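Structure first, then comments.
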Amino acid sequence: MLIKHSVNCFTKMVTIVGGGPVGCYTAELLAKKGKAVTVLEEYDCIGKPVQCTGIVTKSLFDVVRPHRSFMVNRLKRVRIHAPDGSDAEVKVDDAVICRTSFDRHLAGRAEKAGAKIQLNSRLESIAQKGDKTRLKVRVKGKQGKNLTTQTLIGADGPNSIVSRYIGNKRPNFWVGAQARVKMPVDKNTYEVYFGDRFPGFFGWVVPENDEVARVGVAAEKNPNKAFRHLMQKIGRCKVLERQGGMIPRYDPFVKLQQDSTYIIGDAATQVKATTGGGLVPGLKAAQGLSRAVVDDTNYRSEIRKVNRELQTSLLLRKVLDRFNDPDYNRLVNMIRSKELQGILNKEDRDNPTKILFKTLLNKPEIALFARVLFRAKCL
Ligand SMILES: Cc1cc2nc3c(=O)[nH]c(=O)nc-3n(C[C@H](O)[C@H](O)[C@H](O)COP(=O)(O)OP(=O)(O)OC[C@H]3O[C@@H](n4cnc5c(N)ncnc54)[C@H](O)[C@@H]3O)c2cc1C
């Protein structure tokens, strides 16, 4: 779809690098506010390759309404597996989405709002131009055409060139390995596996329907060993497709802005460190960033709420980083308790601060796990 911008010589150009969900949603919001927006995407289509499990809490639908084009499944329960073979179930109201269709849905909305999406266009380098209010963006690819822009937004994923341009180092990250497999599965329940066999993260089995599931693990280094272990656990299945990708670890000190250059989404490490979920925080941050660009307000202040939840997730991750198998066995046992079931069955994972607070009030023993934070130092 081609829609002409109504640009006059006073309209400030916004260039967004990355046609992922966060880049496209930011483009839509800014185009709706009258900005002339161009999105540069290095691939020749939106939504491929898939590097995501596509599991989302219902908070996603406060931002993007559910649409039949991308909805795959609704999940009612999560079964949490401890290393000793015990498990606990928690009620959820989650959804599984198709990332290709979701990204294309958001790209379509951005175009409808007036943004231009330029495929086959990889950002190669950035240089300041003349009076410092403009940046020259060197673009490579079939449609590559160098641009001059007033505002530059890096939504270019975990390997962001824009983030490095404003002075950030490459973030720490997990490597995810995933496969879509054919196997009989309960379509209402997804499974997560913790313990030393899944070091630094966890394993998951997320059903698309009764016969296809997304099975994966993430790890700080080589995820293949943990992936093989998970495949052994689930038994016979037929691999339909392999996927994988990087999950950046949230860094609260990442530099988000330099003059009129911003970063967002995975490029800004806006991913929950507990679950690796980046869609809800990235899209919520897009709302804050669009306000900051349009009203010239402070970006970090605009996304204070998102950052608070990301920080709580990071704190929980730091505790989990020190867990050993007996800790996980005890945690799963605690999750089975009435008090915790009551809280976990009600609260959305996108509000970890609320969950933590309520848990400490109702089950103070959980604070015992805080000692795990200090274990490494004590030994
Ligand atoms: C294995 C795995 C499972 C995951 N599961 C979930 C999940 O279940 N739920 C969830 O919420 N999150 C999940 N995530 C995280 C989620 O996928 C990301 O947080 C989300 O995709 C971030 O969106 P984004 O738009 O910021 O970045 P991306 O989706 O990475 O998009 C970046 C875009 O920028 C383009 N690009 C990059 N560099 C350039 C360049 N130089 N020039 C032009 N274009 C460029 C890329 O091609 C890409 O299209 C998972 C991640 C992985 C790896």
Side-chain angles (χ1 to χ4, degrees), residues 5 7 9-43 46 106-107 110-111 113-141 143-171 248 251 254-270 282-283 285-303:
H5 297 299
V7 187
C9 57
F10 300 110
T11 310
K12 287 196 174 170
M13 301 292 294
V14 179
T15 302
I16 298 177
V17 188
V22 177
C24 288
Y25 184 55
T26 311
E28 178 193 351
L29 296 175
L30 289 172
K32 277 184 173 161
K33 294 279 180 184
K35 296 279 177 190
V37 185
T38 300
V39 178
L40 302 175
E41 170 51 51
E42 64 177 323
Y43 283 96
I46 295 289
L106 290 179
E111 285 186 312
K116 182 180 164 199
I117 296 182
Q118 205 173 293
L119 301 173
N120 277 315
S121 302
R122 177 176 163 79
L123 167 86
E124 284 286 303
S125 62
I126 306 158
Q128 227 164 42
K129 211 177 168 214
D131 57 3
K132 291 190 177 176
T133 56
R134 287 175 303 156
L135 290 170
K136 189 166 178 206
V137 173
R138 202 161 72 85
V139 184
K140 204 174 167 192
Q143 292 186 36
K145 205 169 63 178
N146 294 347
L147 300 169
T148 302
T149 190
Q150 277 89 3
T151 302
L152 181 68
I153 296 175
D156 46 345
N159 253 325
S160 171
I161 293 180
V162 183
S163 174
R164 262 171 281 149
Y165 170 73
I166 65 172
N168 292 310
K169 286 200 212 113
R170 212 161 173 243
D251 175 0
V254 79
K255 188 173 170 191
L256 292 173
Q257 177 185 1
Q258 177 178 286
D259 304 322
S260 298
T261 302
Y262 306 83
I263 52 170
I264 186 153
D266 275 21
T269 74
Q270 289 159 346
L283 296 173
Q287 297 176 332
L289 175 56
S290 68
R291 286 193 296 272
V293 170
V294 171
D295 303 331
D296 199 16
T297 54
N298 184 280
Y299 174 30
R300 201 173 277 278
S301 310
E302 292 287 357
I303 59 165

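For clarity, every value in this text was computed on a predicted model and none was experimentally measured.
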If the condition is side-chain hydrogen bond (donor to acceptor under 3.5 Å, both in side chains), which residues does Ser290 pass it with, not counting sequence neighbours?
none
Sequence neighbours excluded, the answer for side-chain hydrogen bond (donor to acceptor under 3.5 Å, both in side chains) partners of Asn168 is Ser163
Kindly write out the residues that satisfy ring-ring contact (aromatic ring centres under 6.0 Å, His included) with Tyr165, not counting sequence neighbours, or none if the list is empty.
none
Rounding to 0.5 Å, atoms CG (Leu135) and CG (Leu147) come to a distance of 11.0 Å
Listed by chain and number, what are the salt bridge (charged side-chain N to carboxylate O under 4.0 Å, His left out) partners of Glu28, not counting sequence neighbours?
Lys32, Arg109
Stepwise side chain to side chain contact (heavy atoms under 4.5 Å, CB included) check, Val22 with Gln270:
CA-CA 11 Å; Val22 177; Gln270 289 159 346; 5.6 Å; no
For Gln128, the side-chain hydrogen bond (donor to acceptor under 3.5 Å, both in side chains) test, sequence neighbours excluded, returns none
Thr297 versus Arg291, closest heavy-atom pair with distance
OG1-O, 3.6 Å
Interatomic distance, OG@Ser125 vs NZ@Lys140, rounded to 0.5 Å, equals 11.0 Å
Set of side-chain hydrogen bond (donor to acceptor under 3.5 Å, both in side chains) partners for Ser160, sequence neighbours left out:
Asp156
Donor-acceptor pair, side chain of Asp259 and main chain of Thr261, under 3.5 angstrom
no
Strictly distance-based, threshold 3.5 Å: is any side-chain N or O of Arg170 a donor or acceptor partner for the main-chain N or O of Pro158?
no
Nearest-0.5 Å distance, CZ of residue Arg134 to NZ of residue Lys129
4.5 Å
Interatomic distance, Lys35 atom NZ to Leu29 atom CG [nearest 0.5 angstrom]:
13.0 Å
Compare every heavy atom of Gly19 with every heavy atom of Ile46, then report the nearest pair and how far apart it is.
CD1-O, 3.5 Å
Do the non-hydrogen side-chain atoms of Tyr262 and Ile166 ever get within less than 4.5 Å of each other?
no
What do the steps show when you test Val293 against Thr26 for side chain to side chain contact (heavy atoms under 4.5 Å, CB included), and what is the final call?
CA-CA 10 Å; Val293 170; Thr26 311; over 6 Å; no
Under a 3.5 Å distance rule, please check whether Gln150 uses its side chain to pair with a backbone N or O of Met13 as donor and acceptor.
yes
On a heavy-atom basis, the closest approach of Ser121 and Val139 is CB-CG1, 3.6 Å
Over all heavy atoms of both residues, which pair between Ala31 and Ala115 is shortest? Give the atoms and the distance, please.
CB-N, 3.9 Å
For Ile117 and Cys24, which heavy atoms make the closest approach, and how far apart are they?
CD1-SG, 4.3 Å
So do Thr15 and Gln118 actually touch side chain to side chain, heavy atoms under 4.5 Å?
no
Thr269 side-chain N/O to Asp251 backbone N/O, donor-acceptor pair under 3.5 Å:
yes
Has Lys136 got a side-chain atom pairing as donor or acceptor with Asn146's backbone, closer than 3.5 angstrom?
no
Kindly indicate, with the supporting measurements, whether the criterion side chain to side chain contact (heavy atoms under 4.5 Å, CB included) is fulfilled by Glu42 and Leu123.
CA-CA 7 Å; Glu42 64 177 323; Leu123 167 86; over 6 Å; no
Can you spot which of Ile263, Leu30, Val17, Val162 makes a side chain to side chain contact (heavy atoms under 4.5 Å, CB included) with Ile153?
Leu30
So, for Val254 and Ala268, which heavy atoms are closest and what is the spacing to 0.1 Å?
CG1-O, 3.7 Å
Measuring from Gln257:CD to Leu152:CG, what's the distance to the nearest 0.5 Å?
12.0 Å
